Amino acid sequence: MLTYPIAGKTVFITGAAGGIGAATARTLHSRGANVVLADRGIDAISALARDLGGDRTLALSVDVTDRAALADAVDHTVDRFGGLDVVFANAGIAADPPATIATIDPAMFERVVEVDLLGVWRTVRAALPHVIAARGHVLVTASVYAYFNGMTNAPYAMSKAGVEQFGRALRAELGIHGASAGVLYPGWVHTPIAGAAFGSNDITTRMREIAFPSLLGKAIAPTRVAEAVVRGIENRSARVMVPRRWVPFSALRGLLNPVTDLIAERHPELRRLLRRLEESAGPTGKSPQTNSPR
């Protein structure tokens, strides 16, 4: 028996234009949920809404750094569907190309944190009164980078560690209201946000091959994450880890993190590649901003 069947529930999804967000919207819709597709790219989410069918979908152009826009989007959701049961705070970006802390454009570093961490906070806070009233569920997207060394990806990893703590605290606090929260920890997923580690950047692709050997370095399809997300919501799971091979690394992080940190610090080829990455950044260290869907 499912703890929280999704059919008939209204789910608000940020970062819905592609990747995990779009795949999850499709899966939720197929299970009978009303889906609210929130993203900056209105064309993409409008096309997805048309593909899914208009009766149980709503496409809204929303920037998760804009508190007022999120409040308006939640109001539109409630007006359309009569309530809001589940919020999936999934919008995220990463610096492209990847860079070290010493060379990244400070504006880019702060932009990633603004979207990936504070965007989650703003999304959840806007939806929370309705989720509490419905005794619903909140799911926030972290990553295996919440506990794995984030070299060349520090603002992303820093944000995901913060999202994990946010989700854990929220779950404890929502219990008194009969609501719940969970944290999603995807590993590598075939989405644009992972492109630099899978061929679009030779240096970071090689670094991924060294730091994430064998199965840990293999990417999975967004549809696989979507299935895990829906199961997690329907079971009010505290943690959704996908693929499951990452579970021991999270459980044993206190023992494994010092070892993996030491490898990251001392591995000769990783050190050489880090130097190449810094040299490729040039004297300004500036890199273009990306808003690739996860």
Side-chain angles (χ1 to χ4, degrees), residues 6 10-77 79-81 84 86-96 108 111-112 114-116 118-120 122-124 126-127 139-141 143 156 159 184 186 188-200 219-230 233 242 288-294:
I6 202 65
T10 297
V11 186
F12 185 97
I13 307 167
T14 61
I20 293 172
T24 300
R26 290 182 182 279
T27 303
L28 286 166
H29 191 271
S30 72
R31 306 284 179 86
N34 305 317
V35 291
V36 181
L37 312 171
D39 206 295
R40 293 181 67 187
I42 189 62
D43 292 341
I45 54 174
S46 295
L48 177 58
R50 288 192 298 271
D51 189 33
L52 294 177
D55 291 346
R56 290 189 287 111
T57 61
L58 176 63
L60 298 171
S61 178
V62 181
D63 185 336
V64 297
T65 68
D66 187 336
R67 191 187 307 275
L70 281 163
D72 287 345
V74 168
D75 288 345
H76 281 301
T77 297
D79 288 344
R80 171 69 179 275
F81 296 113
L84 173 55
V86 178
V87 59
F88 180 25
N90 171 69
I93 61 172
D96 185 15
M108 166 52 69
R111 172 66 179 169
V112 172
E114 185 77 20
V115 172
D116 292 8
L118 297 181
V120 167
R122 293 190 184 100
T123 300
V124 172
L139 183 64
V140 294
T141 300
S143 166
Y156 183 85
S159 298
L184 170 65
W188 295 105
V189 184
H190 282 301
T191 64
I193 206 169
F198 286 87
S200 70
I220 61 174
T223 51
R224 186 169 166 189
V225 182
E227 291 288 342
V229 165
V230 176
I233 293 172
V242 57
Q289 180 172 305
T290 179
N291 281 297
S292 300
R294 48 167 101 256

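As the structure is a computational prediction, the values presented were derived from the model and not from experiment. FYI, side chains are in, hydrogens and waters are out, and symmetry mates aren't considered; it's all heavy atoms of this structure.
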Identify the heavy atoms of [X] and [Y] that sit nearest to each other, and give their distance.
X: Thr191; Y: Gly19; answer: CG2-CA, 3.8 Å
X: Val62; Y: Ala73; answer: CG2-CB, 3.6 Å
X: Ala127; Y: Leu84; answer: CB-CD2, 3.6 Å
X: Ala91; Y: Val64; answer: CB-CG1, 4.0 Å
X: Val189; Y: Pro186; answer: CG2-CB, 3.9 Å
X: Asp39; Y: Ala17; answer: OD2-N, 3.0 Å

Qualifying residues under side chain to side chain donor-acceptor pair (under 3.5 Å), relative to Thr65, sequence neighbours excluded: Asp63
Test side chain to side chain donor-acceptor pair (under 3.5 Å) applied to Thr10 - qualifying residues, sequence neighbours left out: Asn34
Report yes if some heavy atom in the side chain of [X] is under 4.5 Å from a heavy atom in the side chain of [Y]; otherwise report no.
X: Leu184; Y: Val229; value: yes
X: Ile13; Y: Leu28; value: yes
X: Ile20; Y: Phe88; value: yes

Flag, side chain of Ser61 to backbone of Ile42, donor-acceptor distance under 3.5 Å: no
Under the side chain to side chain contact (heavy atoms under 4.5 Å, CB included) test, which residues partner [X], sequence neighbours left out?
X: Arg80; value: Leu58
X: Ala126; value: Leu70, Val74
X: Ala197; value: Trp188, Arg208
X: Ser143; value: Tyr145, Tyr156, Lys160

Name each donor-acceptor pair under 3.5 Å that joins a side chain in residues 49-57 to protein atoms two or more places apart or in another chain, with its distance.
residue, atom, partner, partner atom, Å
Asp51, OD2, Arg26, NH1, 2.7
Asp51, OD2, Arg26, NH2, 2.9
Arg56, NH1, His29, O, 3.1
Arg56, NH1, Ala33, O, 2.7
Arg56, NH2, His29, O, 3.3
Thr57, OG1, Gly53, O, 2.8

Calculate, to the nearest 0.5 Å, the distance between atoms [atom1] and [atom2] belonging to [X] and [Y] respectively.
X: His190; Y: Thr223; atom1: NE2; atom2: OG1; value: 10.5 Å
X: Thr24; Y: Ile233; atom1: OG1; atom2: CD1; value: 7.5 Å
X: Ser46; Y: Leu37; atom1: OG; atom2: CG; value: 8.5 Å
X: Asp116; Y: Arg111; atom1: CG; atom2: CZ; value: 9.5 Å

side-chain contact (heavy atoms from CB on, under 4.5 Å), paired with Thr77, selected from Leu60, Val11, Val87: Leu60
Pairs meeting criterion salt bridge (charged side-chain N to carboxylate O under 4.0 Å, His left out) with involvement of residues 220-230, two or more places apart: Arg31-Glu227
Intermediate values then yes/no, side-chain contact (heavy atoms from CB on, under 4.5 Å), Leu139 and Val86: CA-CA 8 Å; Leu139 183 64; Val86 178; 5.7 Å; no
